[in-house]
2 protein chains.
Amino acid sequence: MPGPRPKKPSLRRSPCPVSGCLDLIGDRWTLLVVRDLFWGKRRYGEFQASPEGIPTNLLADRLERLGAAGIVARRPYQRNPPRYGYTLTRKGRDLGPVLSALVAWGKRHIPGTRTLDEAAPVSRPSRKSRRTGRA
Amino acid sequence: MPGPRPKKPSLRRSPCPVSGCLDLIGDRWTLLVVRDLFWGKRRYGEFQASPEGIPTNLLADRLERLGAAGIVARRPYQRNPPRYGYTLTRKGRDLGPVLSALVAWGKRHIPGTRTLDEAAPVSRPSRKSRRTGRA
DNA sequence: AATAGTTACTTGCAAAAAGCAAGTGACTAT
DNA sequence: ATAGTCACTTGCTTTTTGCAAGTAACTATT
């Protein structure tokens with residue numbers, strides 16, 4: 001069979017870019033995975049260890065969807081033992097301003113929120129992040 | 001028990017501002033209503049007329065939640081017949097940068113998206129928006 | 001060489017939310 | 001009176017979420 005699949009049967013709701021974004025990332029978990037990727041997390045277990053506690057089946061589903069959307073790429077990042085990890089594509093990294101805007105709004109308008117670092121997620125992952133356990 | 005209720009029984013998933021944002025606006029419809037409000041729409045019927053076609057029960061639910069979150073305010077905007085409309089609060093208007101970032105990302109990475117106007121939603125709703133029907 | 005442990009998932013199922021259609025009440029225009 | 005509009009509400013089916021348990025591959029331990 002020449003063409004296995006046309007592209008995506010998921011019909012877009014409207015030509016509005018906001019609507020298009022929400023079709024891809026409009027739920028309570030997807031952007032948290034992207035946030036973790038900005039923080040330098042790459043492995044399945046690291047995403048699971050985030051304080052929000054994403055259910056494992058949803059994590060697998062979101063990673064698959066993010067991959068299908070071209071926002072993340074799965075690739076080996078270590079051998080012996082061979083391990084595969086997830087990284088942001090260019091398309092995914094371009095979500096940085098979205099996360100930054102959310103962080104700014106949240107810090108201003110949601111009491112009790114705080115970032116671990118001062119750095120906005122648009123910055124590259126800090127090298128000296130200690131692994132005191134998680135997060 | 002000193003206080004009758006702290007504030008909201010909806011438990012926050014983590015102190016992360018991204019997580020806090022997604023608890024409020026992390027779904028496929030809420031930000032579309034906010035977008036419409038930025039476009040100057042105020043009435044229930046105007047939100048319904050948007051091309052995405054939000055189900056009426058979800059629209060009512062989202063408006064109630066946005067009100068409870070302090071993002072929109074319901075208030076009379078006309079009398080005889082008395083009509084109530086929805087407007088963005090300061091907190092709601094501060095979502096402008098989030099929408100702008102989403103628009104920028106969508107226009108860059110989602111093929112086939114287009115904005116009706118050139119104006120980004122961060123600008124205040126234009127006064128001279130003609131009511132040629134919708135949008 | 002079994003045994004146990006870690007990692008990265010998959011599967012099953014109950015509960016919640018989404019989505020659709022129809023209905024309701026207040027007011028208005030004919 | 002009758003019909004129409006507006007802003008919702010209600011009922012019901014489908015889809016998604018969330019939780020727990022299970023599985024496969026590989027590694028470290030005894």
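This is a predicted model, so every value here is computed, not measured.
Rounded to an integer number of Å, the gap from CG of B:D61 to C1' of D:dA7 is 15 Å. The separation between A:D27 atom CG and D:dT15 atom C1' is 14 Å, rounded to whole Å. Rounding to whole angstrom units, CH2 of residue A:W29 and C1' of C:dA17 are separated by 15 Å. Between the CZ atom of A:R62 and the P atom of C:dC9 there is a distance of 16 Å, rounded to whole Å. Distance A:L59 CG to C:dT7 P: 14 Å, rounded to the nearest Å. Between the C1' atom of D:dT15 and the CZ atom of A:R28 lies a distance of 16 Å, rounded to the nearest Å. Note: CD (A:E46) to C1' (C:dC9) measures 16 Å, nearest angstrom. Following rounding to the nearest Å, A:L22 (CG) and C:dA18 (C1') show an atom-to-atom distance of 15 Å.
Proximity of a side-chain donor or acceptor of A:T113 to a complementary backbone N or O of A:I110 within less than 3.5 Å is detected. At least one donor-acceptor pair under 3.5 Å links the side chain of A:Y44 to the backbone N or O of A:T56. Side-chain atoms of B:S14 come within 3.5 Å of backbone N or O of B:C16 as a donor-acceptor pair. Side-chain atoms of B:R93 come within 3.5 Å of backbone N or O of B:L88 as a donor-acceptor pair.
Close to D:dC8, at under 4.0 Å from its OP1 or OP2, lies a side-chain N or O of B:Y86.
No hydrogens or angles were tested; on distance alone, a donor-acceptor pair under 3.5 Å links the side chain of A:N57 to the base of D:dC19.
Each of A:I25, A:L95, A:L102 was scored for a side chain to side chain contact (heavy atoms under 4.5 Å, CB included) with B:L102, with one residue passing: A:I25.
As judged by a 4.0 angstrom heavy-atom cut-off over every strand, B:F47 is placed among residues making no nucleic acid contact.
Candidate nucleotides D:dC6, C:dC9, D:dC8 were compared by shortest atom distance to the side chain of B:R74, and D:dC8 ranks first. Of the listed nucleotides (D:dC8, D:dG18, C:dC9), C:dC9 has the atom at the smallest distance from the side chain of A:T56. For B:A60, taking side-chain heavy atoms from C-beta onward, the closest of the listed nucleotides D:dT17, D:dC8, C:dT10 is D:dC8.
Projected onto DNA chain D by closest heavy-atom contact, A:L58 and B:L63 fall at different nucleotides, the more 5' of which corresponds to B:L63.
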